[in-house]
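Below is one structure, written out as structure tokens; the observations come after it.
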There are 2 protein chains.
Amino acid sequence: MAEDSRARLDRLYREMRQRICLLDWPPGARLSETELAAEFGTSRTPIRRALARLEDEGLLQSLHGVGTLVTDVDREEMARTYALRMELAELVGRLSPAPVTPAILARLDGFRDRAERLTLQPDARHFAQLNMDFFDFGLSLTENAALRETSERLYYRTARIWLQQIAALDLAEECDTFRAEVDETARALRAGDPMAAALVRRAHISMSARRLAPGD
Amino acid sequence: MAEDSRARLDRLYREMRQRICLLDWPPGARLSETELAAEFGTSRTPIRRALARLEDEGLLQSLHGVGTLVTDVDREEMARTYALRMELAELVGRLSPAPVTPAILARLDGFRDRAERLTLQPDARHFAQLNMDFFDFGLSLTENAALRETSERLYYRTARIWLQQIAALDLAEECDTFRAEVDETARALRAGDPMAAALVRRAHISMSARRLAPGD
DNA sequence: AACGGCAGAGTTGTGCACAACCTGCGAAGG
DNA sequence: CCTTCGCAGGTTGTGCACAACTCTGCCGTT
């Protein structure tokens, strides 16, 4: 059975979003629809469909006659987006929190393992990837679809600035902080307290914003 | 000077969104890209670009070989979206509230006039239009762009259910309630208290949700 | 030397033809 | 009468050619 066109769109979209957020395509990079079409083995049409979504979400900007550019995120936009993300993180605990199942606790164990390994061998890119995966996990803690979509959109909107500024941060300390967040989240959820887990998340988003934009 | 392609996309997008939310295209309606292209005087390509955005926002669904269908909103999704919208309305007052300028108060006077006229001659469609305009006005009360975009997205996602259920509501009472909201908002903003205006908004979204989904 | 303009290459936007697909109808066969 | 098959019509998805546009580098002029 051939791949559904909707599934292919989703695959292209996620792949490109990943490349943007992992800085394979850094802010300012110029993409070529023709080259992308060649790389993904299709014509420009499906590529343009995926690029359109990324443009609507603010990760790309297409300029006629120039090219498709990866956008940058300025400090002010970042600060405001983080302020909103903090509130949304808390809402994950307050609106339709999902029941804590054994499957969720098992996934948490997986994250604890990965976080542990990361502290032993810090690596910025692996951290960024782990952070994304942990974010996706966090979305499963609410049954409110609108809240999930909104949080996801905002997260990926600013996800890349961490990697952009990693040189100015202490990677080992970042890894430690992340492991602490996973541990605290596990503690809260094992206690059957999703609201506490949400507050842990909010606290870490807040601290992350301060580390990324000192002085604001 | 000819129209920019970005401006045309925006025009098409808003026009179609309007038609969906005013039930010119009711849920389940089947659109034809060819017909739309003929009506708007272009080829299918720009039409498809606008339809793609509407599909990504959940207002449309394209099915290969079938057509492009206007989606419906079920009770559960509505309830959760409203719950989130209530919280976001409050955040408009808490995160980066915009300074209350004379221009804002002047716009409010305009809304009071329109609301007054509406109570004298109730009309569902005019009300829906006025409600949208007042919503857009409310967005100008925060300087947080992420919050604005998110609120807008969620609003238009469920805006049409009011018109869908108007037969089961008391139109005159709805108009009265709306006029009261405008008056209360004006009172709060004239007092220089954006947070109070935000709480008024939250209260009215809450009451609206109850009227639309009694028993939840 | 500085400036203007022109041509060329490269990019995104648009239009069109066709492929892939779904639905409904009608006729043939049970 | 009921079922099933096939076909015709219409729809969205894809590919391709060209239009519209931008940038760069070069050349001629001042």
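Numbered from 1 within each chain, the chains take letters A, B, ... in sequence-line order. Please read all numbers here as calculations on a predicted model, not as lab measurements.
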Given [N], is OP1 or OP2 found less than 4.0 Å from the side-chain N or O atoms of [X]?
X	N	result
B/Ser62	D/dT11	no
A/Arg44	D/dT14	no
A/Thr34	C/dT11	no

Nearest-Å distance for atom pair [atom1]/[atom2], residues [X] and [N]:
X	N	atom1	atom2	answer
A/Leu51	D/dT14	CG	P	14 Å
B/Leu36	D/dG10	CG	P	17 Å
A/Arg6	D/dT14	CZ	P	11 Å
A/Leu12	D/dT14	CG	P	9 Å
B/Leu31	D/dT12	CG	C1'	12 Å
B/Leu9	C/dG13	CG	C1'	12 Å
B/Glu55	D/dT11	CD	C1'	14 Å
B/Asp4	D/dA20	CG	P	15 Å

Looking at the side chain of [X], which of [options] is the nearest nucleotide?
X	options	answer
B/Glu35	D/dT11, C/dA17, C/dG15	D/dT11
A/Ser43	D/dG15, D/dT12, D/dT22	D/dG15
A/Thr42	D/dT14, C/dT14, D/dG15	D/dG15
A/Arg48	C/dT11, C/dG13, D/dG15	C/dG13
A/Glu33	C/dT12, C/dG15, D/dT12	C/dT12

Within the modelled atom types, does a donor on one side and an acceptor on the other bring the side chain of A/Thr45 and the base of D/dG13 under 3.5 Å apart? no

Residue whose nearest DNA chain D nucleotide is more 5′ - A/Gly41 or A/Gly65: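 It is A/Gly41 whose nearest nucleotide is closer to the 5' end.
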
For B/His64 and A/Thr68, find the nucleotide of DNA chain C closest to each by heavy atoms; which residue's nucleotide sits nearer the 5' end? A/Thr68

Taking the nucleotide of DNA chain C with the closest heavy atom to each, which residue, A/Val66 or B/Arg49, is nearer the 5' end?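 Closer to the 5' end of DNA chain C: A/Val66.
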
Tell me what B/Arg8 touches on the nucleic acid: a base, only sugar-phosphate, or nothing, going by heavy atoms under 4.0 Å.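 Sugar-phosphate, no base atom in range.
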
A/Phe134 and its ring-ring contact (aromatic ring centres under 6.0 Å, His included) partner, picked from A/Tyr155, A/Phe127, A/Phe111: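 Output: one option passes, namely A/Phe111.
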
Electrostatic pair A/Asp24-A/Arg160, nearest N-O below 4.0 angstrom: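 So A/Asp24 does not pair with A/Arg160 through a salt bridge.
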
Do A/Arg48 and A/Glu33 have side chains that approach each other closer than 4.5 Å (heavy atoms only, starting at C-beta)? yes

Report yes if some heavy atom in the side chain of B/Arg153 is under 4.5 Å from a heavy atom in the side chain of A/Thr150; otherwise report no. no

Would A/Arg8 and A/Glu3 count as a salt bridge (Lys or Arg N to Asp or Glu O under 4.0 Å) here? Give the steps. CA-CA 7 Å; A/Arg8 176 168 71 168; A/Glu3 185 184 34; 5.0 Å; no

Once you round to the nearest 0.5 Å, how far does CG of B/Leu147 lie from CG of B/Leu139? 8.0 Å

